[in-house]
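This report refers to the structure that appears directly beneath it.
Both ligands and their constituent atoms are indexed starting at 1 by order of listing. Here, residue 1 is the first one in the sequence, and each next residue gets the next number. This structure is a prediction, so every number in the text was calculated from the model and none was measured.
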Amino acid sequence: MQYNVAQLLKEPTGATRSVELNQEPESRGGYSPDGLAGRMQFLRTHQGLLVRGNVRARVSLTCSRCLNEFVDAAQLDLEEEFFPRVDVNTGQRMPLPSDTEGTIIDANHVLDLTEVLRQYVIAAQPIKPLCRADCSGLCQECGVDLNKENCTCGEGTRDPRWAGLAALLRESEA
Ligand SMILES: [Zn+2]
Ligand SMILES: [Zn+2]
């Protein structure tokens, strides 16, 4: 996800480029988008380049209830300003703002979106991912996936002394 932006940096403030993003599946620690796609705009600003766009990310998540992997789609609203390390015309070092994690255009005028997209993907992930809203999860007793099969744990642990009461309850519900 690297773009050489030397030409755009030479243009006046307000100049733009439309950039297509189409990233093949990849996987790395703690971050495994199965694909990123979208259209972005690079806008020449006074200090650097503003990257804006809508990126669709497909991400593999683990369901917090049944522990199955599933693929989720996230919509990333990207807006991030990148700052050149050197002046494209003079080659001189540029003063950089303090908070520039992943948003520096390197000395070869290459803008790398990897780190910024990684952060956006992580921010878009739910804290407790669910494969579906009504996921039944795993049985606390035997561990079967209750989405796929039923178990008799619930019945087996019921105290037989309560059986009479349970029957009464069933009758009153009916
Ligand atoms: Zn689930
Ligand atoms: Zn069970």
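Judged by distance alone, the side chains of Gln2 and Asp112 do bring a donor and an acceptor atom under 3.5 Å apart. Side chains of Arg132 and Asn147: a donor-acceptor N/O pair is present below 3.5 angstrom, by distance only.
A salt bridge links Glu20 and Arg39; the closest N-O separation between the charged side-chain nitrogens and carboxylate oxygens is under 4.0 Å. By the 4.0 Å N-to-carboxylate-O rule, Glu81 lies too far from Arg52 to be salt-bridged with it.
The environment of CZ in Arg56 is sparse: at most 12 heavy-atom neighbours from other residues, nucleotides or ligands sit within 6.0 Å.
Our summary of the site lists the angle at the Zn ion (ligand 2) between SG of Cys153 and SG of Cys139 as 110°, to the nearest 10 degrees. Angle SG(Cys142) to the Zn ion (ligand 2) to SG(Cys151), rounded to 10°: 110°.
For the pair Tyr120 (side chain) and Glu79 (backbone), a donor-acceptor distance under 3.5 Å is present.
Tyr3 and Phe42 have their aromatic ring centers within a separation under 6.0 angstrom.
Within the sub-2.8 Å shell of the Zn ion (ligand 1), the protein contributes these N/O/S atoms: Cys63 SG, Cys66 SG, Cys131 SG, Cys135 SG.
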